[in-house]
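Keep in mind the model is a prediction, meaning the values are calculated, not measured. Every number for a ligand or one of its atoms is a count from 1 in the order of the listing.
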Amino acid sequence: MSTKPFKPVRKAVFPVAGLGTRFLPATKVMPKEMLPLAGKPLIQHAVEEAREAGIEELIFVTGRYKEMLEEHFDHQPELMTTLEARGRTDLMDRLKSADLPEGSLFLTRQPKPLGLGHAIWCARKLVGDEPFAVLLPDDVVQARRGCLSQMVDAYTELGGNLVAVMDVPREDTRKYGVVDPASDDGRIVRVRGLVEKPDPAKAPSTISIIGRYILQPEVFDHLAAFDRGAGGEIQLTDAMAKLIAGQGFHALRYEGTRYDCGSPAGFLQANLAWGLADPETAPALRDFMDRLDRGTIPRSQDKAGAQR
Ligand code: UTP
């Protein structure tokens, strides 16, 4: 077993400059990453996962109307004083969960939403010449051990570049970056190619990348070409594919369940999954689901005996 021969991953980039059009009008002025999952905004879930994995510097790539994201991590003295006066230490603890160590949050802006690859490129000066993680806050992974922690463990063995992957139905490959595997031991896949959003008939596999990456800084050289890929956007997958020839590139089948909170259905599923995992909310939710199954949810028109 190696003893950390690779530069450690200390920094994480959170691209949060997307438009979130699938949640309009909720996201007209509020960033998609502020949508609450079990009482915490999506961005806080991602930040907590990164900190659990040992990340020291958090880099947000923000855009217009995104100020709320950085403010969420500010200390809130007035609210703290009010809660203290009311003796609500429970709520004070909840509030403190969004405090960050001073000087650990860095911000840069993506002036135009030209794609995920472009957002990452906007963070190049803050990342500098070292490996870094990328977390897309709208991908949330429910796991005993955080997805990024699992990745950092694998990176410690493998070095190079690493993406988190899951197997998807073949008809879904057009929604993901897809891996062309050189070898696959069921946990670690050695990657020989990557394709962004392939047509199912042409996809090299069904092994698909979720929003978690550990990358070497050379990716910025490839992103700097500003090549447009799928959907006319500057794609991170295309720049990563160019790293494969010169550097190690692996994919990790993480343990856990990923929810696509960037889509309305995935977001609702995640809320249900978290609600069912919480002993405070699970009994009421289970009861509600049973009644839904049995068709015994009262409807107001039933009471009134009216049909719309
Ligand atoms: P999405 O593909 O989900 O796009 O981005 P979006 O704009 O946020 O949402 P829709 O499709 O309009 O509903 C994936 C991640 O990449 C970021 C987003 O903020 C999200 O975290 N992103 C995307 C950027 O930061 N900049 C971009 O130009 C595009």
Find all atoms of ligand 1 within a distance of less than 4.0 Å from any non-hydrogen atom belonging to Gln110, and give their numbers and elements. 24 (C), 25 (O), 26 (N), 27 (C), 28 (O)
Just to be sure I read this right, does ligand 1 sit under 4.0 Å from the backbone of Leu114, its side chain, both, or neither, counting only heavy atoms? backbone
What atoms in ligand 1 come closer than 4.0 Å to a heavy atom of Arg22? 1 (P), 3 (O), 9 (O), 10 (P), 11 (O), 13 (O)
Looking at Glu33 and Leu69, what are the two nearest heavy atoms and their distance? CB-CD2, 3.7 Å
Can you check whether Ala119 has an N/O within less than 3.5 Å of an N/O in ligand 1? no
Any N/O of Phe23 closer than 3.5 Å to an N/O of ligand 1? no
For atom 12 (O) of ligand 1, what is the closest protein heavy atom, and at what distance to 0.1 Å? Thr21 OG1, 2.6 Å
Considering only protein heavy atoms, which is closest to atom 8 (O) of ligand 1, and at what distance to one decimal place? Lys32 NZ, 2.7 Å
Of all the heavy atoms in Lys112, does at least one lie under 4.0 Å from an atom in ligand 1? no
Should the heavy atoms of other residues, nucleotides or ligands under 6.0 Å from CD of Glu280 be counted, would the total exceed 12? no
Show the numbers, then the answer: is there a salt bridge (Lys or Arg N to Asp or Glu O under 4.0 Å) between Lys242 and Asp221? CA-CA 10 Å; Lys242 293 182 184 139; Asp221 301 336; over 6 Å; no
Looking only at protein heavy atoms, what sits closest to atom 25 (O) of ligand 1 is Ala17 N, 2.9 Å
State if Val16 counts as touching ligand 1 under the rule of any non-hydrogen atom under 4.0 Å. yes
Among all the protein's non-hydrogen atoms, which is closest to atom 20 (C) of ligand 1, and how far away is it? Asp138 OD2, 3.7 Å
For Arg94 and Asp90, run salt bridge (Lys or Arg N to Asp or Glu O under 4.0 Å): C-alpha distance rounded to whole Å, both residues' side-chain angles, the deciding distance at 0.1 Å, then the answer. CA-CA 7 Å; Arg94 270 201 229 169; Asp90 55 332; 5.3 Å; no
Do Leu252 and Ile214 share a hydrophobic cluster (ILVMFWY, side-chain heavy atoms under 4.5 Å, transitive)? yes
Mutual orientation of the aromatic rings belonging to Phe132 and Phe220 [parallel < 30°, tilted 30-60°, perpendicular > 60°]: parallel
Would you mind listing which atoms of ligand 1 come within a distance below 4.0 Å of any non-hydrogen atom of Pro113? 28 (O)
Are Val178 and Met166 connected into the same hydrophobic cluster when the rule is that any two of I, L, V, M, F, W, Y join if their side-chain heavy atoms are below 4.5 Å apart? yes
Counting both backbone and side chain atoms, is some N or O of Gly18 under 3.5 Å from an N or O of ligand 1? yes
Proximity of Glu233 to ligand 1 by residue part, where a heavy atom lies under 4.0 Å: neither
I'd like to check whether Pro137 has a polar contact with ligand 1, where a contact means an N/O of the residue lying under 3.5 Å from an N/O of the ligand. no
Walk me through whether Arg145 and Asp153 qualify under salt bridge (Lys or Arg N to Asp or Glu O under 4.0 Å). CA-CA 11 Å; Arg145 182 161 158 70; Asp153 288 350; 2.7 Å; yes
Can Lys96 and Asp99 be counted as an ion pair, charged N to O under 4.0 angstrom? no
Salt-bridge contact Glu67-Arg109 (side-chain N to carboxylate O under 4.0 Å): yes
Residue pair Lys197, Thr237: steps toward the side-chain contact (heavy atoms from CB on, under 4.5 Å) verdict: CA-CA 9 Å; Lys197 300 191 172 66; Thr237 305; over 6 Å; no
Given that the side chain starts at C-beta and the backbone is N, CA, C, O, which of these parts of His118 lies under 4.0 Å from ligand 1, counting heavy atoms, or is it both or neither? neither
Please determine if Arg291 and Asp287 form a salt bridge, counting it only when a charged side-chain N lies under 4.0 Å from a carboxylate O. yes
For ligand 1, which atoms sit closer than 4.0 Å to a heavy atom of Glu33? 19 (O), 21 (O)
In terms of side-chain geometry, is the basic nitrogen of Arg22 or Asp138 positioned less than 4.0 Å from the acidic oxygen of its partner? no
With atoms numbered from 1 as shown, which atoms in ligand 1 lie under 4.0 angstrom from a non-hydrogen atom of Gly115? 26 (N), 27 (C), 28 (O), 29 (C)
closest protein heavy atom to atom 16 (O) of ligand 1 is Leu116 CD1, 3.7 Å
Specify the protein heavy atom at minimum distance from atom 7 (O) of ligand 1: its residue, its atom name, and the distance to 0.1 Å. Leu19 N, 2.8 Å
Under 4.0 Å, heavy atoms only, figure out whether ligand 1 is touched by the backbone of Pro15, its side chain, both or neither. both
